[in-house]
Amino acid sequence: MEKQIKEIIVVNFKSIFGLEIQDDLIQFQETKKEFQGDLTLVLFPLIKLLRTSPIEVGQKIGDFLKNNISSIRDFNVVSGFLNIVLSENYWIDSLNEIERNVSYGYVDQDSKSTIMVEYSSPNTNKPLHLGHLRNNFLGYSVSEILKANGYKVIKTQIVNDRGIHICKSMVAWNNFSPLNEKGEKETPENTGVKGDKLVGKYYVEFEKHLNVEIDSIISSWKSGDFQGFNKEIITEYTRLIKSINKEDGKSISKIDSKIEDLARSNSSLMFEAKEMLRKWENKDPEVYLLWSKMNGWVYAGFDITYKSMGVDFDKIYYESDTFILGKDLVFEGLKNGVFYKKNDGSVWIDLSEYGLDQKLVLRSDGTAVYVTQDVGTAVDRYRDYIDLDRIVYTVGNEQDYHFKVLFLILEKLGYTWAKKCFHLSYGMVDLPTGKMKSREGTIVDADELIEDVINNAKEITQERGHIGDMNDDEKNELFHLIGMGGLKYYLLKVDPKKRMMFNPEDSIELNGNTGPFIQYTHARIKSMLRKVNHFDQIKYVSILSEEKEIIKQLLKFPSVIKEAGENYSPALIANYTYELVKSYNSFYQAIPILIEKNLEIKNMRLVLSKNVAKVIYLAMRLLGVQVPERM
RNA sequence: GGGCCAGUAGCUCAGCUGGAUAGAGCACCUCCCUUCUAAGGAGGCGGUCAAAGGUUCGAAUCCUUUCUGGCUCACCA
């Protein structure tokens, strides 16, 4: 409607006012509740142009529109605003049109280009936690939103399966795992512990033993015992100790942590871990076997978590496969002068012309760093998918700098698609107690949280007592759907860019702006519709303001999907749905439907309800939230 | 210190490229189940939009400065 009005004004502006107009001066907004009307044209820009009174401009345009657009019934001008009143038939026609379209609001699948969405991308040394949940729900949802915008989407993740972190778990498992009566070390099978949890346990175990070793190293250094350490270390240590005496109290802790680092990098455990990494890069059979065994445990564990989260992937990349290509690309870029080599053999890129620093891309020992791998992975992806248009990286905002660097490197290497790549940067999840810190044991485990929200849903749902006749499978499915719906909605309703507060109590809340509130409205509509046999095309009946309000909301859905796609923001979908549901509940509470005597009006209200349920379903699907038939 | 991001009701958050008297939920206080699911609805209380300048018909929104908080500037990932 806005588009139509805009066009007709632009085309006829000259004949009404005698001069041309730019179409961006035609600005609409929703009519405020206090005024009569359905759509409001802001007159200020026109007044400025025409140098006449708002009343005059508004009157002229209003008259013209009323005479030329049949669905415009009336208008009024209030201090610089032209409020347009649409006819009742317009709303009925709109509703009939929405009813005809089963996937209303969605653009035809695959009508646009191909986008790869990377999300999740875990390390294989620890279980998934709350931060990963935001990441996974966000990545999944953005993928679905882009699909609804007509893009072909490839969901992917890059598994960080190699590096010093996984070697730490391997070393700890080798050294510290107890043996059972059969003489076996701990495995998921013989302990019943989920694979990712078991490997994570040994990562923690490594750090514990390491800390003990560091403490003992430092205390022997303090007592002057340097046996087993070479001269460089001793010199460095004495230099640090001396500098303490010169410095004030503030920097003592800084120096302490430097001493700690020195002890760490010279501990026997770190040496073992590094040695294992070196062996792994040389494809030492024994190490490789252990590595793939322990990673296998982790994947099996992750699969369980992914399944209950309801996310999936079309293609998985592993860093162990892509880091070599990254190195090759660096050598190539070195020849082309994109990179330069320092005396110690390390390779760098100078990004100071873009306001960034110089950045290392290859260590002096020739091994790859993080960004090197990412270069390799990106190029690999464009080789795998010829028609790939862009990659969306769902990664936390602590890596903003990293992605700036990555995209610039790719650009300098001559890849034109680099400009289109996008870092979907989201904020951290804080707890009421502050940041999540592994050292302080405040990490919220994903599996445990999921279990909690499902149990809570179970408790409340049983209390409500609408599902007495369901069998156990149906019930459990429902509890899962409600619990996860609440959790996903909670994490997705906030603008992804912003850091957010995760309050465990609020997250299982079922009232107000929550997933279950929306699911409940859907269930309520569905159970009402179950009592109806058929629906007719709606006749031109008169409609109430509550009904009109809902149709207005429904009409917004396509543009909300578009906007959510452009901004990579599930929050827009969530907030939209909440508004829709609120309007509907208001209507539902105040106006009879099934018991309405006038059959044409009753039919209209039923079709309206049916389409609210449809849009709730379609919108929630974009968030990965399912909606129940009853609850 | 350099770069980036944020600051809106007691708490958690909306507020689109500047537009009418800044909105929700939670919490607190009133009401409403002999109508279809009360996980609901109607109403009340609650704001110097961090602060100060500026841009203009008009600023929570744009610009500058200051304050506060976060992230980042590794031969970690």
Side-chain angles (χ1 to χ4, degrees), chain A residues 24 27 29 31-32 34-35 40 42-45 47-48 54 78-81 83 121 123 125 160 162-165 319 342 344-348 355-357 359-367 369-371 373-374 396-402 404 425 427-428 430 432 435 457 460-461 463-466 482 486 490 493-495 497-503 505-506 509-514 516-521 523-532 559-560 563 566-567 571-572 574-575 578-579 581-582 585-596 605-606 609 630-631:
Chain A
D24 61 347
Q27 294 167 8
Q29 67 183 47
T31 307
K32 297 262 171 185
E34 311 84 87
F35 304 97
T40 293
V42 183
L43 298 171
F44 296 106
I47 295 162
K48 211 173 178 182
V78 183
S79 65
F81 298 90
N83 300 318
S121 302
N123 287 358
N125 64 327
N160 183 11
R162 56 159 234 118
I164 196 74
H165 54 274
E319 281 187 0
K342 284 193 178 171
D344 61 1
S346 57
V347 179
W348 298 71
L356 307 179
D357 308 302
K359 194 80 194 162
L360 178 98
V361 291
L362 222 51
R363 296 193 187 98
S364 49
D365 64 1
T367 56
V369 291
Y370 182 42
V371 74
Q373 294 173 170
D374 275 5
N397 64 8
E398 73 272 19
Q399 295 196 33
D400 285 354
Y401 185 77
H402 168 76
K404 269 187 197 166
S425 162
M428 323 219 105
D430 288 328
K435 282 185 66 170
I460 305 283
T461 306
E463 220 171 82
R464 295 290 181 270
H466 294 142
I482 296 171
Y490 183 86
K493 73 176 175 186
V494 181
D495 182 348
K497 289 195 291 286
K498 294 190 177 167
R499 64 186 295 126
M500 69 174 291
M501 173 71 76
F502 182 86
N503 187 325
E505 281 173 36
D506 290 354
E509 181 61 51
L510 310 163
N511 304 319
N513 189 0
T514 65
F517 167 71
I518 290 167
Q519 290 172 320
Y520 177 74
T521 303
R524 201 157 63 164
I525 295 173
K526 279 309 180 85
S527 78
M528 183 175 68
L529 296 181
R530 254 179 258 126
K531 295 171 181 151
V532 181
S559 64
V560 171
E563 214 185 327
E566 284 164 357
N567 294 296
L572 297 177
N575 289 321
Y578 177 60
E579 292 298 324
V581 163
K582 266 206 303 184
N585 280 336
S586 204
F587 157 80
Y588 177 89
Q589 202 74 217
I591 290 152
I593 304 171
L594 286 175
I595 53 172
E596 167 63 43
R605 290 178 186 160
L606 285 168
S609 302
R630 39 189 300 209
M631 68 189 269

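In what follows, every chain begins at residue 1, and chains take the letters A, B, ... in the order their sequences are listed.
When heavy atoms are screened at a 4.0 angstrom cut-off, Lys48(A) is found touching base atoms of the nucleic acid. Nucleic acid contact class of Asp495(A) (heavy atoms, under 4.0 Å, all strands): sugar-phosphate only. When heavy atoms are screened at a 4.0 angstrom cut-off, Lys435(A) is found touching the sugar-phosphate backbone but no base atom. The residue Asn123(A) sits close only to the backbone: its heavy atoms come under 4.0 Å of sugar-phosphate atoms, none of a base. Backbone-only contact: Asn397(A) has heavy atoms under 4.0 Å from sugar-phosphate atoms and none from a base.
Asp495(A) approaches Ala571(A) most closely through the heavy-atom pair N-CB, 3.7 Å. Annotation for Tyr490(A) and Asn503(A): closest pair OH-N, 2.9 Å, computed over non-hydrogen atoms. Residues Gly396(A) and Ser425(A) come closest through the heavy atom pair C-OG, 4.4 Å. Heavy atoms only, all atoms of each residue included: His466(A) and Met631(A) are closest at ND1-O, 2.9 Å. Across Arg605(A) and Pro592(A), no two heavy atoms sit closer than the pair NH1-O, 2.9 Å. Closest approach of Thr514(A) and Glu509(A) over heavy atoms only: CG2-O, 3.5 Å.
Centroid-to-centroid, the aromatic rings of Phe81(A) and Phe35(A) stay 6.0 Å apart or farther.
Distance Gln399(A) CD to rU72(B) C1': 11 Å, rounded to the nearest Å. Nucleotide rG40(B) holds its P atom 11 Å from the CD1 atom of Ile518(A), rounded to whole Å. Whole-Å rounding puts the Met428(A) CE to rG70(B) P distance at 12 Å. Distance CG (Leu360(A)) to C1' (rC76(B)): 12 Å, rounded to an integer number of Å. Atom OH of Tyr401(A) and atom P of rA74(B) are 7 Å apart (whole Å). Taking atom CE of residue Met500(A) and atom C1' of nucleotide rG70(B), one finds them 16 Å apart after rounding to whole Å. For the pair Asp357(A) CG and rU72(B) P, the interatomic distance rounds to 15 Å; values are reported in whole Å. Following rounding to the nearest Å, Arg162(A) (CZ) and rC76(B) (C1') show an atom-to-atom distance of 12 Å.
For the C1' atom pair drawn from rC31(B) and rC36(B), the interatomic distance equals 22 Å after rounding to whole Å. Here, rC26(B) and rA39(B) have their P atoms 14 Å apart, quoted to the whole Å. Annotation: rG25(B) and rG46(B) have their C1' atoms spaced 14 Å apart (nearest Å). With C1' as the reference atom, rC49(B) and rU21(B) are 15 Å apart, rounded to whole Å. Comparing rG18(B) with rA74(B), their C1' atoms sit 43 Å apart, to the nearest whole Å. Distance check on atom C1': rU72(B) versus rA77(B) gives 14 Å, rounded to whole Å. If you take atom C1' in rG40(B) and the same atom in rC33(B), they sit 10 Å apart, rounded to whole Å. Rounded to a whole angstrom, the distance from the C1' atom of rG7(B) to that of rA14(B) is 15 Å.
Comparing Tyr490(A) and Thr514(A) by the nucleotide of RNA chain B that holds the closest heavy atom to each, the one mapping nearer the 5' end is Tyr490(A).
The line from NZ of Lys359(A) to NE2 of His402(A) is 8.5 Å long, rounded to the nearest 0.5 Å.
With contacts defined as side-chain heavy-atom distances shorter than 4.5 Å, the pair Asn567(A)/Leu572(A) qualifies.
Pair assignment for rC26(B): rG10(B), on the basis of Watson-Crick or G-U wobble contacts that are both within less than 3.5 Å. For rC33(B), there is no paired nucleotide, since no Watson-Crick or G-U wobble pair has both relevant distances below 3.5 Å. Nucleotide rG1(B) is matched to rC73(B) when pairs are restricted to Watson-Crick or G-U wobble geometry with both distances under 3.5 angstrom.
Shown here is Glu505(A), whose CD atom has no more than 12 heavy atoms of other residues, nucleotides or ligands within 6.0 Å.
When distances are taken from the side chain of Glu319(A) to each of rC4(B), rG7(B), rA77(B), the shortest belongs to rA77(B). Among rA14(B), rU12(B), rU72(B), the nucleotide with an atom closest to any side-chain atom of Met501(A) is rU12(B).
Taking only side-chain nitrogens and oxygens, Lys498(A) never comes nearer than 4.0 Å to OP1 or OP2 of rU12(B). For rC13(B), neither phosphate oxygen OP1 nor OP2 lies less than 4.0 angstrom from any side-chain nitrogen or oxygen of Arg499(A).
For Gln399(A), the side chain to side chain donor-acceptor pair (under 3.5 Å) criterion is met by Tyr370(A), not counting sequence neighbours.
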In the 5'-to-3' direction, what one-character label does each nucleotide of nucleotides 32-39 of chain B receive under the scheme B = base within less than 4.0 Å of a protein heavy atom, S = sugar-phosphate only, - = no such atom? ---SBBSB

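Glycosidic conformation at rC33(B) (O4'-C1'-N9-C4 for purines, O4'-C1'-N1-C2 for pyrimidines): syn, within 90° of 0.
Note that Lys342(A) lies in the cation-pi zone of Trp348(A), set by a 6.0 Å cut-off to the ring centre and a 45° limit from the axis.
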Scan nucleotides 17-21 of chain B against the protein and return all N/O pairs shorter than 3.5 Å with their distances rounded to 0.1 Å.
from: rG19(B); atom 1: O2'; to: Gln29(A); atom 2: OE1; distance (Å): 3.2
from: rA20(B); atom 1: OP2; to: Lys32(A); atom 2: NZ; distance (Å): 3.4
from: rA20(B); atom 1: N7; to: Gln29(A); atom 2: NE2; distance (Å): 2.8
from: rA20(B); atom 1: N6; to: Thr40(A); atom 2: OG1; distance (Å): 3.1
from: rA20(B); atom 1: N6; to: Asn83(A); atom 2: OD1; distance (Å): 3.0

